[in-house]
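Each residue takes its place number in the sequence, starting with 1.
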Amino acid sequence: MSISASIGRRRGSRRGMKRSTRETLFFYVCISPWIIGFVVFTAVPMFSSLYLSFTDWDSFQKPNWVGLGNYAKALTADPLFWKVLRNTFYYAIVSVPVSLLIALYLSNLLSHDFRGKRIYRTIIYLPSLVPLVAAGLIFKWLLKPDDGPVNALLGLFGIKGPAWLLDANWVIPAIILLSIWQVGGGTILLISAINGVPKELYEAAEIDGAGHYRLFWSITFPMITPILFFNLVTGIIGAFQVFDQVYILTQGGPDNASQMMVPYIYTSAFKDFHMGYASALAWILFVIIMVISAAVLKSSDAWVFYESEVKK
(Lines give C-alpha, C1' and ligand atoms only; values in the text may rest on other atoms or scores of the structure.)
Protein backbone atom coordinates (compact mmCIF):
# COMPACT_ATOMS: atom_id res chain seq x y z
CA MET A 1 0.00 0.00 0.00
CA SER A 2 2.79 2.40 0.85
CA ILE A 3 4.56 1.80 -2.49
CA SER A 4 1.37 2.23 -4.52
CA ALA A 5 0.44 5.32 -2.52
CA SER A 6 3.88 6.80 -3.13
CA ILE A 7 3.58 6.08 -6.86
CA GLY A 8 0.11 7.67 -6.88
CA ARG A 9 1.42 10.78 -5.14
CA ARG A 10 4.26 11.09 -7.66
CA ARG A 11 1.87 10.74 -10.58
CA GLY A 12 -0.46 13.31 -9.04
CA SER A 13 2.48 15.63 -8.47
CA ARG A 14 3.56 15.26 -12.12
CA ARG A 15 0.02 15.93 -13.33
CA GLY A 16 -0.13 18.98 -11.06
CA MET A 17 3.19 20.26 -12.41
CA LYS A 18 2.04 19.74 -16.00
CA ARG A 19 -1.23 21.54 -15.30
CA SER A 20 0.64 24.39 -13.61
CA THR A 21 3.02 24.62 -16.59
CA ARG A 22 0.11 24.70 -19.04
CA GLU A 23 -1.60 27.41 -17.01
CA THR A 24 1.62 29.43 -16.90
CA LEU A 25 2.12 29.12 -20.65
CA PHE A 26 -1.52 30.04 -21.26
CA PHE A 27 -1.08 33.10 -19.02
CA TYR A 28 1.94 34.32 -21.00
CA VAL A 29 0.16 33.65 -24.30
CA CYS A 30 -2.77 35.80 -23.11
CA ILE A 31 -0.57 38.71 -22.05
CA SER A 32 1.88 38.40 -24.96
CA PRO A 33 0.13 41.14 -27.02
CA TRP A 34 0.66 43.58 -24.15
CA ILE A 35 4.27 42.44 -23.60
CA ILE A 36 5.07 42.77 -27.31
CA GLY A 37 3.39 46.16 -27.49
CA PHE A 38 5.23 47.37 -24.38
CA VAL A 39 8.61 46.22 -25.67
CA VAL A 40 8.14 47.52 -29.22
CA PHE A 41 6.34 50.79 -28.53
CA THR A 42 7.60 51.76 -25.06
CA ALA A 43 10.77 50.02 -23.87
CA VAL A 44 12.71 50.13 -27.15
CA PRO A 45 11.88 53.81 -27.86
CA MET A 46 12.78 54.75 -24.27
CA PHE A 47 16.22 53.11 -24.39
CA SER A 48 16.76 54.42 -27.91
CA SER A 49 16.04 57.97 -26.76
CA LEU A 50 18.38 57.48 -23.81
CA TYR A 51 21.16 56.54 -26.21
CA LEU A 52 20.30 59.38 -28.58
CA SER A 53 20.41 61.88 -25.71
CA PHE A 54 24.18 61.36 -25.65
CA THR A 55 24.54 61.98 -29.38
CA ASP A 56 24.22 64.76 -31.91
CA TRP A 57 21.75 63.41 -34.48
CA ASP A 58 19.71 65.21 -37.12
CA SER A 59 17.52 62.15 -37.98
CA PHE A 60 19.37 61.63 -41.28
CA GLN A 61 23.10 61.29 -40.67
CA LYS A 62 24.82 58.79 -38.41
CA PRO A 63 24.55 59.78 -34.70
CA ASN A 64 27.67 61.48 -33.39
CA TRP A 65 28.52 60.68 -29.77
CA VAL A 66 28.79 63.86 -27.63
CA GLY A 67 28.44 62.38 -24.14
CA LEU A 68 26.83 64.83 -21.72
CA GLY A 69 27.03 67.67 -24.22
CA ASN A 70 23.27 67.88 -24.80
CA TYR A 71 22.57 68.01 -21.06
CA ALA A 72 25.24 70.66 -20.56
CA LYS A 73 23.76 72.66 -23.42
CA ALA A 74 20.29 72.56 -21.87
CA LEU A 75 21.44 73.50 -18.38
CA THR A 76 24.09 76.09 -19.21
CA ALA A 77 23.96 77.27 -22.83
CA ASP A 78 20.28 77.37 -23.79
CA PRO A 79 18.46 80.34 -22.22
CA LEU A 80 15.19 79.26 -23.83
CA PHE A 81 15.29 76.01 -21.85
CA TRP A 82 14.99 77.85 -18.54
CA LYS A 83 12.19 80.05 -19.86
CA VAL A 84 10.31 77.00 -21.07
CA LEU A 85 10.87 75.24 -17.74
CA ARG A 86 9.57 78.29 -15.83
CA ASN A 87 6.48 78.40 -18.05
CA THR A 88 5.84 74.70 -17.45
CA PHE A 89 6.20 75.04 -13.68
CA TYR A 90 3.97 78.14 -13.72
CA TYR A 91 1.27 76.24 -15.58
CA ALA A 92 1.55 73.16 -13.33
CA ILE A 93 1.72 75.03 -10.02
CA VAL A 94 -1.41 77.05 -10.81
CA SER A 95 -3.55 74.68 -12.88
CA VAL A 96 -3.23 71.54 -10.75
CA PRO A 97 -4.24 73.00 -7.33
CA VAL A 98 -6.97 75.21 -8.83
CA SER A 99 -8.43 72.29 -10.78
CA LEU A 100 -8.33 70.10 -7.67
CA LEU A 101 -10.08 72.71 -5.52
CA ILE A 102 -12.78 73.34 -8.12
CA ALA A 103 -13.32 69.60 -8.61
CA LEU A 104 -13.55 69.13 -4.84
CA TYR A 105 -16.06 71.96 -4.47
CA LEU A 106 -18.22 70.78 -7.38
CA SER A 107 -18.14 67.14 -6.27
CA ASN A 108 -19.23 68.05 -2.75
CA LEU A 109 -22.00 70.24 -4.16
CA LEU A 110 -23.23 67.66 -6.69
CA SER A 111 -23.13 64.73 -4.27
CA HIS A 112 -26.17 66.07 -2.38
CA ASP A 113 -29.71 65.21 -3.36
CA PHE A 114 -31.51 68.02 -5.20
CA ARG A 115 -33.70 68.35 -8.23
CA GLY A 116 -31.81 68.15 -11.53
CA LYS A 117 -28.46 67.01 -10.08
CA ARG A 118 -27.99 64.49 -12.92
CA ILE A 119 -28.37 67.26 -15.48
CA TYR A 120 -25.76 69.39 -13.69
CA ARG A 121 -23.41 66.43 -13.42
CA THR A 122 -23.73 65.87 -17.16
CA ILE A 123 -23.05 69.55 -17.87
CA ILE A 124 -19.92 69.46 -15.70
CA TYR A 125 -18.65 66.23 -17.27
CA LEU A 126 -19.33 67.01 -20.94
CA PRO A 127 -16.31 69.35 -21.47
CA SER A 128 -13.95 66.53 -20.51
CA LEU A 129 -15.34 64.50 -23.41
CA VAL A 130 -14.54 67.20 -25.96
CA PRO A 131 -11.29 66.40 -27.84
CA LEU A 132 -8.48 68.79 -26.94
CA VAL A 133 -8.13 69.95 -30.53
CA ALA A 134 -11.80 70.96 -30.68
CA ALA A 135 -11.61 72.49 -27.19
CA GLY A 136 -8.55 74.51 -28.22
CA LEU A 137 -10.31 75.87 -31.29
CA ILE A 138 -13.35 76.77 -29.18
CA PHE A 139 -11.22 78.67 -26.68
CA LYS A 140 -9.27 80.35 -29.47
CA TRP A 141 -12.58 81.80 -30.64
CA LEU A 142 -13.84 82.60 -27.12
CA LEU A 143 -10.65 84.50 -26.24
CA LYS A 144 -10.35 86.60 -29.39
CA PRO A 145 -9.26 90.06 -28.21
CA ASP A 146 -11.58 92.19 -30.37
CA ASP A 147 -14.84 90.34 -30.83
CA GLY A 148 -14.46 87.31 -28.59
CA PRO A 149 -17.39 86.40 -26.30
CA VAL A 150 -15.25 86.53 -23.13
CA ASN A 151 -14.09 90.11 -23.70
CA ALA A 152 -17.58 91.07 -24.83
CA LEU A 153 -18.94 89.78 -21.53
CA LEU A 154 -16.28 91.67 -19.58
CA GLY A 155 -17.20 94.79 -21.57
CA LEU A 156 -20.75 94.63 -20.21
CA PHE A 157 -19.27 95.29 -16.76
CA GLY A 158 -17.01 98.07 -18.00
CA ILE A 159 -13.89 95.89 -17.96
CA LYS A 160 -11.52 96.03 -20.91
CA GLY A 161 -10.48 92.47 -21.57
CA PRO A 162 -6.84 91.63 -22.27
CA ALA A 163 -5.51 90.32 -25.56
CA TRP A 164 -5.30 86.87 -23.89
CA LEU A 165 -3.42 84.68 -26.39
CA LEU A 166 -1.52 87.66 -27.82
CA ASP A 167 -0.41 89.05 -24.45
CA ALA A 168 2.66 87.51 -22.80
CA ASN A 169 1.22 88.19 -19.34
CA TRP A 170 -2.15 86.56 -20.03
CA VAL A 171 -1.39 83.70 -22.40
CA ILE A 172 -0.61 81.07 -19.73
CA PRO A 173 -3.66 82.04 -17.62
CA ALA A 174 -5.71 81.56 -20.80
CA ILE A 175 -4.31 78.04 -21.22
CA ILE A 176 -5.03 77.39 -17.54
CA LEU A 177 -8.67 78.37 -18.14
CA LEU A 178 -8.90 75.62 -20.75
CA SER A 179 -7.57 73.04 -18.30
CA ILE A 180 -10.04 74.19 -15.63
CA TRP A 181 -12.90 73.99 -18.14
CA GLN A 182 -12.19 70.25 -18.49
CA VAL A 183 -12.24 69.50 -14.77
CA GLY A 184 -15.28 67.23 -15.11
CA GLY A 185 -13.35 63.95 -15.16
CA GLY A 186 -11.80 64.52 -11.75
CA THR A 187 -15.12 65.81 -10.43
CA ILE A 188 -16.93 62.59 -11.36
CA LEU A 189 -14.27 60.49 -9.62
CA LEU A 190 -14.64 62.55 -6.46
CA ILE A 191 -18.46 62.30 -6.59
CA SER A 192 -18.12 58.51 -6.72
CA ALA A 193 -15.73 58.60 -3.75
CA ILE A 194 -18.08 60.81 -1.72
CA ASN A 195 -21.05 58.56 -2.48
CA GLY A 196 -18.97 55.62 -1.27
CA VAL A 197 -18.45 57.06 2.22
CA PRO A 198 -20.44 54.91 4.71
CA LYS A 199 -23.64 56.69 5.78
CA GLU A 200 -23.24 55.39 9.34
CA LEU A 201 -20.28 57.71 9.86
CA TYR A 202 -22.41 60.75 9.03
CA GLU A 203 -25.27 59.52 11.21
CA ALA A 204 -22.98 58.96 14.19
CA ALA A 205 -21.37 62.39 13.76
CA GLU A 206 -24.76 64.11 13.44
CA ILE A 207 -25.89 62.48 16.68
CA ASP A 208 -22.83 64.02 18.32
CA GLY A 209 -23.90 67.42 16.97
CA ALA A 210 -21.50 67.81 14.03
CA GLY A 211 -22.49 70.43 11.44
CA HIS A 212 -21.94 70.42 7.67
CA TYR A 213 -18.48 71.95 7.97
CA ARG A 214 -17.33 69.38 10.54
CA LEU A 215 -18.90 66.51 8.57
CA PHE A 216 -16.96 67.49 5.48
CA TRP A 217 -13.54 68.03 7.03
CA SER A 218 -13.68 65.20 9.59
CA ILE A 219 -15.42 62.49 7.53
CA THR A 220 -15.80 63.28 3.83
CA PHE A 221 -12.37 64.74 3.18
CA PRO A 222 -10.30 62.01 4.89
CA MET A 223 -12.33 59.28 3.21
CA ILE A 224 -11.81 60.68 -0.31
CA THR A 225 -8.10 61.49 0.06
CA PRO A 226 -7.07 58.40 -2.01
CA ILE A 227 -8.99 59.80 -5.00
CA LEU A 228 -7.61 63.28 -4.33
CA PHE A 229 -4.13 61.76 -4.29
CA PHE A 230 -4.81 59.99 -7.59
CA ASN A 231 -6.10 63.22 -9.18
CA LEU A 232 -3.08 65.11 -7.83
CA VAL A 233 -0.50 62.69 -9.25
CA THR A 234 -2.19 62.34 -12.64
CA GLY A 235 -2.76 66.11 -12.74
CA ILE A 236 0.92 66.83 -12.11
CA ILE A 237 2.03 64.36 -14.78
CA GLY A 238 -0.49 65.75 -17.26
CA ALA A 239 0.44 69.37 -16.51
CA PHE A 240 4.15 68.77 -17.12
CA GLN A 241 3.31 66.96 -20.36
CA VAL A 242 0.89 69.57 -21.69
CA PHE A 243 1.09 69.76 -25.47
CA ASP A 244 -2.21 69.98 -27.36
CA GLN A 245 -3.46 73.13 -25.64
CA VAL A 246 -0.24 75.02 -26.33
CA TYR A 247 0.14 73.76 -29.89
CA ILE A 248 -3.46 74.57 -30.86
CA LEU A 249 -3.84 77.90 -29.04
CA THR A 250 -0.46 79.62 -29.40
CA GLN A 251 2.27 77.28 -30.72
CA GLY A 252 4.41 78.71 -27.93
CA GLY A 253 3.86 82.39 -28.68
CA PRO A 254 3.95 85.26 -28.28
CA ASP A 255 7.76 85.32 -28.12
CA ASN A 256 7.86 81.88 -26.41
CA ALA A 257 5.79 83.25 -23.52
CA SER A 258 3.63 80.10 -23.53
CA GLN A 259 6.20 77.58 -24.73
CA MET A 260 6.18 74.43 -22.58
CA MET A 261 8.55 71.49 -22.28
CA VAL A 262 6.80 68.95 -24.51
CA PRO A 263 6.09 71.40 -27.38
CA TYR A 264 9.72 72.55 -27.09
CA ILE A 265 10.88 68.93 -27.32
CA TYR A 266 8.65 68.45 -30.37
CA THR A 267 10.02 71.59 -32.02
CA SER A 268 13.63 70.62 -31.32
CA ALA A 269 13.12 67.12 -32.71
CA PHE A 270 10.86 67.51 -35.72
CA LYS A 271 11.30 71.12 -36.80
CA ASP A 272 14.92 71.89 -35.91
CA PHE A 273 15.99 68.23 -36.40
CA HIS A 274 18.04 68.21 -33.20
CA MET A 275 16.88 64.74 -32.21
CA GLY A 276 19.71 64.13 -29.76
CA TYR A 277 19.06 67.39 -27.93
CA ALA A 278 15.31 66.71 -27.89
CA SER A 279 15.97 63.29 -26.36
CA ALA A 280 18.06 64.91 -23.62
CA LEU A 281 15.24 67.37 -22.92
CA ALA A 282 12.78 64.48 -22.71
CA TRP A 283 14.92 62.69 -20.13
CA ILE A 284 15.34 65.88 -18.10
CA LEU A 285 11.54 66.21 -18.07
CA PHE A 286 11.23 62.53 -17.09
CA VAL A 287 13.56 63.04 -14.12
CA ILE A 288 11.65 66.18 -13.02
CA ILE A 289 8.30 64.35 -13.14
CA MET A 290 9.74 61.35 -11.29
CA VAL A 291 11.23 63.52 -8.52
CA ILE A 292 8.02 65.50 -8.02
CA SER A 293 5.86 62.37 -8.15
CA ALA A 294 8.14 60.66 -5.60
CA ALA A 295 7.88 63.70 -3.30
CA VAL A 296 4.09 63.69 -3.56
CA LEU A 297 4.04 59.93 -2.96
CA LYS A 298 6.22 60.37 0.13
CA SER A 299 3.94 63.10 1.45
CA SER A 300 0.89 60.84 1.10
CA ASP A 301 1.77 59.11 4.37
CA ALA A 302 0.87 62.31 6.20
CA TRP A 303 -2.48 63.11 4.59
CA VAL A 304 -3.88 60.17 2.59
CA PHE A 305 -6.18 57.92 4.62
CA TYR A 306 -7.00 54.36 3.56
CA GLU A 307 -9.95 52.73 5.26
CA SER A 308 -8.13 49.41 5.61
CA GLU A 309 -5.21 50.86 7.57
CA VAL A 310 -4.91 52.42 11.01
CA LYS A 311 -2.93 55.65 11.33
CA LYS A 312 -0.34 55.70 14.09
**Request:** Could I get the full list of side-chain contact (heavy atoms from CB on, under 4.5 Å) partners for Pro45, not counting sequence neighbours?
**Result:** none

**Exam field: side chain Thr187 to backbone Ser107, donor-acceptor pair closer than 3.5 Å** = no

**Prompt:** Between Lys83 and Asn256, does a side-chain contact (heavy atoms from CB on, under 4.5 Å) hold up when you go through it step by step?
**Reply:** CA-CA 8 Å; Lys83 183 175 184 178; Asn256 294 308; 4.2 Å; yes

**Fill in**
Residues passing the side-chain contact (heavy atoms from CB on, under 4.5 Å) test with Leu232, sequence neighbours excluded, are Val96, Leu100, Ile236, Val296, Trp303

**Asked** Can you name the residues that form a salt bridge (charged side-chain N to carboxylate O under 4.0 Å, His left out) with Asp146, not counting sequence neighbours?
**Response** none

**Pairwise side-chain contact, Ile31 with Tyr28, heavy-atom cut-off 4.5 Å (strictly under)** = yes

**Prompt:** Who pairs with Asp78 by side-chain contact (heavy atoms from CB on, under 4.5 Å), at least two apart in sequence or on another chain?
**Reply:** Leu80, Phe81, Tyr264, Tyr277

**Asked** Are there more than 12 heavy atoms of other residues, nucleotides or ligands under 6.0 Å from atom CZ of Phe114?
**Response** yes

**Message:** Would you call the rings of Trp34 and Phe38 parallel, tilted or perpendicular, taking 30° and 60° as the class edges?
**Reply:** parallel

**Item:** side-chain hydrogen bond (donor to acceptor under 3.5 Å, both in side chains) partners of Thr267, counting only residues at least two apart
**Value:** none

Show me, pair by pair, the donor-acceptor contacts under 3.5 angstrom made by side chains of residues 58-65, not counting sequence neighbours?
from  : atom 1 : to    : atom 2 : distance (Å)
Asp58 : OD1    : Phe60 : N      : 2.9
Asp58 : OD1    : Gln61 : N      : 2.8

**Request:** Provide the closest heavy-atom pair for Ile191 versus Leu110 in the form atom of the first, atom of the second, distance.
**Result:** CD1-CB, 3.8 Å

**Asked** Which pairs, with at least one residue in residues 238-250 and sequence neighbours excluded, count as a side chain to side chain donor-acceptor pair (under 3.5 Å)?
**Response** Thr250-Ser258

**Complete:** Nearest heavy-atom contact between Ala168 and Val171 is O-CG1, 3.7 Å

**Request:** Write out all pairs satisfying salt bridge (charged side-chain N to carboxylate O under 4.0 Å, His left out) with one or both partners inside residues 109-137, taking only residues at least two apart or from two chains.
**Result:** Asp113-Lys117

Under 3.5 Å donor-acceptor pairs involving side-chain atoms of residues 202-226, not counting sequence neighbours:
from   : atom 1 : to     : atom 2 : distance (Å)
Tyr202 : OH     : Thr220 : OG1    : 2.6
Arg214 : NH1    : Ser218 : OG     : 3.1
Ser218 : OG     : Arg214 : O      : 3.3
Thr225 : OG1    : Pro222 : O      : 2.7
Thr225 : OG1    : Phe305 : N      : 2.9

**Message:** If the condition is side-chain hydrogen bond (donor to acceptor under 3.5 Å, both in side chains), which residues does Ser53 pass it with, not counting sequence neighbours?
**Reply:** Tyr71

**Request:** Please report the shortest heavy-atom distance between Leu143 and Ala174, naming the atom on each side.
**Result:** CD1-CB, 3.7 Å

**Message:** Give me the atom names and distance for the closest heavy-atom approach of Gly186 to Asn231.
**Reply:** O-ND2, 3.5 Å

**Asked** For Lys144, what residues pass the salt bridge (charged side-chain N to carboxylate O under 4.0 Å, His left out) criterion, not counting sequence neighbours?
**Response** Asp147

**Request:** Determine which pairs satisfy side chain to side chain donor-acceptor pair (under 3.5 Å) with at least one residue from residues 162-183, sequence neighbours left out, and list them in order.
**Result:** Asn151-Trp164

**Prompt:** So does Phe230 have more than 12 non-hydrogen atoms from other groups sitting under 6.0 Å from CZ?
**Reply:** no

